[in-house]
Amino acid sequence: MGRLAMIDPATATGRAKELYEGPLKGKKSLMFRSMANSPSAVEMYLSMAQALKGGVLSDKEREVIQLAVGQATGCEYCLAAHTFMGKKAGLSDEQVLEARRGQMKDAKLGAAARLALAIHEKKGVVSDADLAAVRAAGFGDGAIAEIVAAYALAIYTNYFNHVNQTALDMPPAPPI
């Protein structure tokens, strides 16, 4: 089930209970059940995710980043979750697989995936050419800042699930 304790919404107390009765109401994810050991960790995730929803990147663009990074880190949990969420955001089955490969037919979505992967591979020390490519696809500086933030959120959940060895509680992502 995972290496961290699971906090059951029915028996949670304190801030964890408040989170389960508020922003996590109805969410049964094993990731959240383990993350709820630290309400602050859950709040960080929720705050970042909510802030990014109000930004300039579309749901599709954010999901492409999550899928590309999930594939790069080998996070089966995140790949499964973001395959589902990516489809909900409007990505086709083919686009989900393309995002995981970091090569998309859609030039703008592909540029977001490639910058996220460049950030990952180069440990953030991206080149002027990396930035020129994402700008040429139509992203401004605000979007670039959000791609970095979306990458950071992806790394948080990917690494959390690696540390926890979170079991899949949803259908696995298809192989590529």
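Below, all heavy atoms of this structure are taken into account, side chains as well, without hydrogens, waters or symmetry copies. Note that the numbering runs from 1 along the sequence shown for the chain.
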Exercise for the section: Could you walk me through whether D169 and K28 pass the side-chain contact (heavy atoms from CB on, under 4.5 Å) test, one step at a time? Expected result: CA-CA 9 Å; D169 53 358; K28 298 176 180 165; over 6 Å; no

Problem - Pairs touching residues 139-161 that satisfy salt bridge (Lys or Arg N to Asp or Glu O under 4.0 Å), sequence neighbours left out - result: R135-D141

Find out whether [X] and [Y] are in side-chain contact, i.e. whether some heavy atom of one side chain is under 4.5 Å from a heavy atom of the other.
{"X": "L91", "Y": "T83", "result": "no"}
{"X": "L52", "Y": "L57", "result": "no"}
{"X": "T157", "Y": "Q66", "result": "yes"}
{"X": "N161", "Y": "C78", "result": "yes"}
{"X": "R114", "Y": "M104", "result": "no"}
{"X": "K105", "Y": "E94", "result": "yes"}

Going by the rule salt bridge (charged side-chain N to carboxylate O under 4.0 Å, His left out), which residues pair with [X] if we only count those two or more places apart in sequence or in a different chain?
{"X": "D128", "result": "none"}
{"X": "K88", "result": "none"}
{"X": "D93", "result": "K87"}
{"X": "K122", "result": "D130"}

Would you name the heavy atoms of [X] and [Y] that are closest together and state the gap between them?
{"X": "A80", "Y": "P172", "answer": "CB-CA, 4.1 Å"}
{"X": "G102", "Y": "L117", "answer": "CA-CD1, 3.6 Å"}
{"X": "A16", "Y": "I7", "answer": "CB-CG2, 4.4 Å"}
{"X": "A107", "Y": "A137", "answer": "O-CB, 4.1 Å"}
{"X": "N158", "Y": "C75", "answer": "OD1-CB, 3.4 Å"}
{"X": "G142", "Y": "V56", "answer": "C-CG2, 4.1 Å"}

Practice task
Evaluate the side-chain contact (heavy atoms from CB on, under 4.5 Å) criterion for residues I119 and V125: first the C-alpha distance (whole Å), next the side-chain angles of each, then the deciding distance (0.1 Å), finally the verdict.
Solution key: CA-CA 7 Å; I119 292 166; V125 186; over 6 Å; no

What residues form a ring-ring contact (aromatic ring centres under 6.0 Å, His included) with [X], not counting sequence neighbours?
{"X": "Y77", "answer": "none"}
{"X": "F139", "answer": "none"}
{"X": "F32", "answer": "Y45"}

Practice task
Considering only Ile, Leu, Val, Met, Phe, Trp and Tyr, and joining two whenever side-chain heavy atoms are under 4.5 Å apart, list the other residues clustered with M85.
Solution key: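 The other cluster members (ILVMFWY side chains, heavy atoms under 4.5 Å, direct or chained) are F84.
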
Problem - Residues clustered with L97, ILVMFWY side-chain links under 4.5 angstrom - result: I176

Completion exercise
By side chain to side chain contact (heavy atoms under 4.5 Å, CB included), M6 pairs with (sequence neighbours left out) M1, L30, R33, S34

Practice task
Measure the spacing between CG of D106 and OG of S92 and express it to the nearest 0.5 Å.
Solution key: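 These two atoms lie 10.0 Å from each other.
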
Problem - Nearest-0.5 Å distance, OG of residue S58 to NZ of residue K108 - result: 7.5 Å

Handout entry: Under 3.5 Å donor-acceptor, E21 side chain and E18 backbone
Key = no

Exercise for the section: Answer yes or no: does atom NZ of K17 have more than 12 heavy-atom neighbours from other residues, nucleotides or ligands under 6.0 Å? Expected result: no

Handout entry: Carboxylate-amine/guanidinium contact R101 E98, below 4.0 Å
Key = no

Handout entry: Within residues 141-176 or reaching into it, pairs that qualify as ring pair (Phe, Tyr, Trp, His ring centres under 6.0 Å) - sequence neighbours excluded
Key =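 For residues 141-176, and leaving out neighbouring residues, the ring pair (Phe, Tyr, Trp, His ring centres under 6.0 Å) pairs sorted by first residue read H120-Y151.
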
